[in-house]
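Keep in mind that this is a model prediction, so the values were computed, not measured.
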Amino acid sequence: MSLDLPKVYPITDTHLSGLSHAQQVARLIEGGASLIQLRDKNAAPQEFYREAAAALQIARDHNARLIINDRVDVALALKADGVHLGQTDLPVEAARRLLGKGAIIGFSTHNLRQAKSATAMPVDYIAFGPVFQTSSKENPEPVAGLSALRKARAIIGSLPLVAIGGITVANALEVLQAGADALAIIADLLADPMKIEENTAKILALSASAPNVH
């Protein structure tokens with residue numbers, strides 16, 4: 001069964017927002033988010049485990065789903081809803097064996113060759129990008145652009161496609177029109193922590209007006 005992705009898929013960032021993962025999750029849910037990814041490249045495993053446990057409790061209390069970036073061990077220990085893996089993380093097949101059939105597994109791709117390869121993996125969605133210039137990663141991959149996103153849409157067929165990288169209220173509709181099922185967003189939601197709820201609600205409302213293109 002194909003994963004039913006909400007059109008807006010926030011990713012947490014403690015450095016950018018100045019908030020804990022749990023605080024971010026609470027505010028994102030207040031704005032209407034129902035699927036959130038916890039991402040932390042700097043926290044020690046024990047610290048991230050504690051933060052993720054608190055965030056997951058909030059998600060559970062509000063019937064939201066929580067995906068853990070990279071850390072399959074943390075996702076497994078907490079019984080999170082799934083994991084998001086990058087090109088150099090634990091192989092998808094190994095993560096699937098550990099987490100089981102019911103877990104959501106997403107996979108990052110940055111070019112059309114990687115997107116094609118990902119279609120043979122046991123994943124629930126494929127992320128593609130960066131679509132635009134992004135400041136959320138220290139060493140981002142080359143910008144792929146909307147044209148490559150359209151081609152990725154054609155390549156991956158019916159698999160859900162998540163666009164990531166530099167996505168804002170200003171360009172969200174054209175990204176959806178290029179074939180994305182969901183928008184992974186960091187900075188445009190979190191840069192002003194006092195406006196996380198407002199920004200989330202705004203981009204959800206905007207995205208809801210976009211027709212499905214496939």
Side-chain angles (χ1 to χ4, degrees), residues 3-86 99 102-106 108 124-125 127 134-137 160 162-170 172 176 180-209:
L3 174 65
D4 183 21
L5 278 175
K7 285 184 176 175
V8 177
Y9 180 19
I11 300 175
T12 61
D13 187 319
T14 55
H15 177 71
L16 181 65
S17 67
L19 301 173
S20 71
H21 291 290
Q23 289 171 319
Q24 291 173 78
V25 165
R27 295 185 188 192
L28 289 163
I29 289 172
E30 188 69 27
S34 58
L35 178 70
I36 300 166
Q37 183 185 138
L38 293 195
R39 182 174 178 269
D40 198 322
K41 302 293 187 182
N42 301 311
Q46 191 176 79
E47 179 189 357
F48 184 54
Y49 176 86
R50 282 198 305 267
E51 286 227 16
L56 184 61
Q57 186 59 57
I58 291 169
R60 291 280 181 266
D61 289 345
H62 294 86
N63 295 314
R65 294 176 293 177
L66 208 63
I67 306 297
I68 305 292
N69 181 278
D70 292 357
R71 299 302 303 263
V72 177
D73 53 346
V74 173
L76 181 63
L78 291 175
K79 296 183 172 62
D81 295 284
V83 70
H84 182 90
L85 299 171
L99 298 176
I104 298 169
I105 297 181
S108 289
D124 296 286
Y125 70 83
T134 178
S135 58
S136 299
K137 274 198 168 186
V162 175
I164 188 168
I167 296 169
T168 67
V169 168
L176 290 168
D181 294 294
L183 310 172
I185 306 175
I186 305 174
D188 210 47
L189 297 180
L190 305 177
D192 184 345
M194 300 306 295
K195 291 187 175 181
I196 291 175
E197 298 96 321
E198 177 187 333
N199 290 341
T200 305
K202 184 187 297 182
I203 203 157
L204 274 166
L206 179 70
S207 301
S209 68

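Judged as a salt bridge (Lys or Arg N to Asp or Glu O under 4.0 Å), and not counting sequence neighbours, the contacts of D70 are K41. Considering only residues two or more places apart in sequence or on other chains, A64 meets the side-chain contact (heavy atoms from CB on, under 4.5 Å) condition with I29, A59. For Y125, the ring pair (Phe, Tyr, Trp, His ring centres under 6.0 Å) criterion is met by Y9, H84, not counting sequence neighbours. Residues satisfying the salt bridge (Lys or Arg N to Asp or Glu O under 4.0 Å) test with D192, not counting sequence neighbours, are none. Shown here are the side-chain hydrogen bond (donor to acceptor under 3.5 Å, both in side chains) partners of T14, two or more places apart in sequence or in another chain: there are none. With sequence neighbours excluded, no residue forms a side-chain hydrogen bond (donor to acceptor under 3.5 Å, both in side chains) with R27. Every residue meeting the side-chain contact (heavy atoms from CB on, under 4.5 Å) condition with I164, not counting sequence neighbours, appears here in chain and number order: I11, A184. Judged as a ring pair (Phe, Tyr, Trp, His ring centres under 6.0 Å), and not counting sequence neighbours, Y49 has no contacts. When the side-chain contact (heavy atoms from CB on, under 4.5 Å) test is applied to A52, the partners found at least two apart in sequence or on another chain are L38, I68, V74, L78.
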Mind listing the side-chain donor-acceptor pairs of residues 195-206 below 3.5 Å, one per line with the distance, residues two or more places apart or on another chain?
residue : atom : partner : partner atom : Å
N199    : ND2  : D188    : O            : 3.4
N199    : ND2  : K195    : O            : 3.2
T200    : OG1  : I196    : O            : 2.7

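The only member of H21, H15, R71 that meets side-chain hydrogen bond (donor to acceptor under 3.5 Å, both in side chains) when paired with D40 is H21.
For residues 47-64, the set of pairs meeting the salt bridge (charged side-chain N to carboxylate O under 4.0 Å, His left out) definition, not counting sequence neighbours, comprises R60-D81. Within the structure, ring pair (Phe, Tyr, Trp, His ring centres under 6.0 Å) pairs that include any residue of residues 52-78 do not occur (at least two apart or interchain).
When all heavy atoms of L176 and K7 are compared, the pair lying nearest together is CD1-CD, 4.4 Å. The heavy-atom pair separating I167 from A172 by the smallest distance is CG2-CA, 4.4 Å. Smallest separation of non-hydrogen atoms from S108 and G86: CB-CA, 4.1 Å. Residue A182 comes nearest to P6 through the heavy atom pair CB-O, 3.2 Å, listed as atom of the first residue, atom of the second, then distance. Looking at every heavy atom in both residues, L189 comes nearest to P10 through CD1-CB, 3.6 Å.
When atom types are taken as modelled, the side chain of D124 and the backbone of G106 share no donor-acceptor pair closer than 3.5 angstrom. For Q37 (side chain) and I67 (main-chain N/O), no donor-acceptor pair under 3.5 Å exists by modelled atom type.
Expressed to the nearest 0.5 Å, how far CD1 of I58 lies from OG of S20 amounts to 7.0 Å. Note: Q24 CD to I36 CD1 = 9.5 Å, rounded to the nearest 0.5 Å. The CD atom of Q23 lies 12.0 Å from the OG1 atom of T12; values are rounded to the nearest 0.5 Å. Taking CD1 from I104 and CG from L5, the interatomic distance works out to 7.5 Å, rounded to the nearest 0.5 Å. Put simply, CG on D4 and CG on D181 are 9.5 Å apart, with the number rounded to the nearest 0.5 Å.
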